[in-house]
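Chain A is the first sequence line, chain B the second, and so forth, proteins listed ahead of strands; every chain is numbered from 1.
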Protein chains: 2
Amino acid sequence: MRDVARGRSGRSDRDKLAPKAVIGRVSLYLRQLEAFQERGMTTISSSRLGTTLGVNDAQVRKDLAYFGQFGCPGIGYRIDELIVVLRGILGIDREWSMALIGLGNLGQALLKYRGFRGRGFRIVALFDNDPSKIGKVFESMTVAPLDSLAETTRSLDLEMAILCVPADAAQHAADIVVSSGITGILNFAPTPLVLPDRVNVVGVDLSVQLEHLAYKVHNSQIAGSIALEDSASSFRPTSTSLE
Amino acid sequence: MRDVARGRSGRSDRDKLAPKAVIGRVSLYLRQLEAFQERGMTTISSSRLGTTLGVNDAQVRKDLAYFGQFGCPGIGYRIDELIVVLRGILGIDREWSMALIGLGNLGQALLKYRGFRGRGFRIVALFDNDPSKIGKVFESMTVAPLDSLAETTRSLDLEMAILCVPADAAQHAADIVVSSGITGILNFAPTPLVLPDRVNVVGVDLSVQLEHLAYKVHNSQIAGSIALEDSASSFRPTSTSLE
DNA sequence: TAGATTGTTAATCGATTAACAATC
DNA sequence: TAGATTGTTAATCGATTAACAATC
């Protein structure tokens, strides 16, 4: 564990980052714009882009205005221009080399997953501390022990790591990642990591997501049965169907 | 109270669901409480629980108070009691049977992933529309064609589906899921789904998460180099030294 | 021009945090 | 009792939406 001093330390640079929610939506806008472009469209209004993604039109404009003025009043946004701009904002107008740490089921799957490569994220080195994994070859890369990470980070210019180790190994692995100089971690381990401020983490907690779904289904079942009781035979206007 | 003509769609039931963020944190509280319990602790204060997870203590209390009064002033919360309560709230005090739809890399991985099973989520049937997948056996389950989903939903009492198909197949697959009577979808396909209100969806968009990380790293690198320039120029102008 | 759509301000809505009486 | 901690209200903070002048 490095300098834990969370909180009030020198955050001023960080404070300039756009709110989490904005960036998530920008990512969605970009993908949708690419889809529109493929269909041959050249301009798009905030209203149309928003409707497709379930986002208010004012929100689309505000999100984009956060980074500059990219639209033409009366016309909308030029799709090709906006795509270039958004890629630059997100920092995906280039390739990123990543380490994959932990080659259990999830790690192996993410390695094969095509979704990342198409967007410039390349897994170029594999690490694990399990002796039964070290030396194995996946996608023509050999799994190396975690303590060789620093060296490889230098030789291959790794900037991000995907952390797919069990919860009880996560903090230790993360410490090694940090000391190797990597400054971005995509954390799939279901545990909070304590890290220095300069290291960026995005957590993907599959159990939390699934439990959220269980909560919703569980509670809409309850709501549903109450509604049934309430209006025994009145046809429930099941609002929007597909469309 | 139930059928207040609230705007466009009949959402009144849904409006009673706790905010997304609250549920996400409740899920984290539960996991942390289980960890505390394993270490033999019997009570916990909102302050201690919050600190461990990086959540404000007032927020912990408020989140829990959303569902009832579970604490003892001066003492804190009894861990074993709170665990039972939270499991009930989330609807994970029982088992959920799920369909896995799409057996590409990600689907296969999620099938093997241990994280779900331990929490009562069981994948009990596999579906795919790719002829090369149908009939194959994974974890002693045979992949069936998607159009047999409705039948299996009835026979096995499926309530949720994990959707792991490519983006361009997702809406069609989701329509079949919905028509089969399943009311919860964990969507890994990187595309928005258009679904009736009564169907619950939680989306897990790995590309969005990874792009968010890229954004953070990209921008903290910029911030970092500006900070370097700034401090360098304060006593060594025009220096371009790295490190 | 008339219609469409932006960027932006003001209004609204929701979520987080501080503060504190109640209470164990 | 004194110290600790809850549940909850009020204050703050942040995010979303409505509205509209500017402009293509």
Side-chain angles (χ1 to χ4, degrees), chain A residues 6-8 11-12 14-29 32-33 36 41-79 81-82 85-86 89 212, chain B residues 4 6-9 11-12 14-29 32-33 36 41-79 81-82 85-86 89 212:
Chain A
R6 294 215 106 275
R8 57 286 288 183
R11 301 214 122 215
S12 48
R14 288 305 172 63
D15 286 343
K16 285 188 210 125
L17 290 184
K20 240 183 149 98
V22 172
I23 298 303
R25 286 191 300 263
V26 165
S27 209
L28 296 177
Y29 300 155
Q32 192 57 50
L33 288 167
F36 284 144
M41 296 168 57
T42 57
T43 64
I44 188 77
S45 68
S46 58
S47 151
R48 194 128 142 61
L49 178 57
T51 302
T52 318
L53 296 167
V55 174
N56 180 287
D57 64 315
Q59 179 130 79
V60 173
R61 294 196 297 279
K62 197 137 213 258
D63 286 345
L64 297 177
Y66 201 95
F67 303 99
Q69 303 194 173
F70 310 117
C72 317
I75 309 293
Y77 299 86
R78 290 198 40 196
I79 290 174
E81 273 181 15
L82 194 51
V85 166
L86 297 189
I89 288 167
H212 199 334
Chain B
V4 189
R6 242 214 134 287
R8 45 279 293 176
S9 56
R11 305 214 117 213
S12 47
R14 289 303 173 63
D15 286 345
K16 284 189 211 125
L17 291 185
K20 239 183 148 101
V22 173
I23 299 302
R25 286 190 299 264
V26 166
S27 208
L28 296 176
Y29 300 155
Q32 192 57 49
L33 288 166
F36 284 143
M41 296 167 58
T42 58
T43 64
I44 188 76
S45 67
S46 58
S47 150
R48 194 128 142 61
L49 178 57
T51 303
T52 317
L53 296 167
V55 174
N56 180 287
D57 65 314
Q59 178 130 77
V60 172
R61 295 196 298 278
K62 198 139 213 256
D63 285 344
L64 298 176
Y66 202 96
F67 303 100
Q69 302 194 174
F70 310 118
C72 317
I75 309 294
Y77 299 87
R78 290 197 41 195
I79 289 174
E81 273 182 15
L82 194 50
V85 166
L86 296 189
I89 288 166
H212 199 337

**Message:** Does dT6(C) have its OP1 or OP2 closer than 4.0 Å to a side-chain nitrogen or oxygen of S46(A)?
**Reply:** yes
**Message:** If you compare every side-chain N and O of Y66(B) against the phosphate oxygens of dG14(C) (OP1, OP2), does one of them come in below 4.0 Å?
**Reply:** no
**Message:** Defining pairs by Watson-Crick or G-U wobble geometry with both distances under 3.5 Å, how would you list the stems of DNA chain C with at least three pairs each?
**Reply:**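 Consecutive-pair runs (3 or more) involving DNA chain C: C:3-24 with D:3-24.
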**Message:** Could you check whether any side-chain heavy atom of F67(A) comes within less than 4.5 Å of a side-chain heavy atom of V22(A), counting everything from C-beta outward?
**Reply:** yes
**Request:** Apply salt bridge (charged side-chain N to carboxylate O under 4.0 Å, His left out) to R78(B) and list each qualifying residue two or more places apart in sequence or on a separate chain.
**Result:**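 Scan of R78(B) (salt bridge (charged side-chain N to carboxylate O under 4.0 Å, His left out), adjacent residues dropped) gives D80(B), E81(B).
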To the nearest 0.5 Å, tell me how far [X] [atom1] sits from [Y] [atom2].
X	Y	atom1	atom2	value
Y77(A)	T42(A)	OH	OG1	15.5 Å
Q32(B)	L86(B)	CD	CG	12.5 Å
R61(B)	Q69(B)	CZ	CD	13.0 Å
M41(B)	L49(B)	CE	CG	9.0 Å

**Request:** Encode nucleotides 19-24 of chain C as B, S and - characters from 5' to 3', where the letter depends on protein heavy atoms closer than 4.0 Å: B to the base, S only to sugar-phosphate, - to neither.
**Result:** B---BB
**Message:** Classify R48(A) by what it touches in the nucleic acid, base, sugar-phosphate, or nothing, heavy-atom distance under 4.0 Å.
**Reply:**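 Touches nothing.
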**Asked** Which listed nucleotide (dT5(D), dT17(C), dT16(D)) is nearest to the side chain of K62(B)?
**Response**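 That would be dT17(C).
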**Complete:** Side-chain contact check for Q59(A): nearest option of dT6(D), dT17(D), dT16(C) is dT17(D)
**Pairwise 5' ranking along DNA chain D for P19(A) and D57(B), keeping only the more 5' one** =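 Here D57(B) is the residue nearer the 5' end.
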**Message:** Rounded to whole Å, how long is the line connecting atom CG of L82(B) with atom P of dT6(D)?
**Reply:**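 Rounded to whole Å, this separation is 11 Å.
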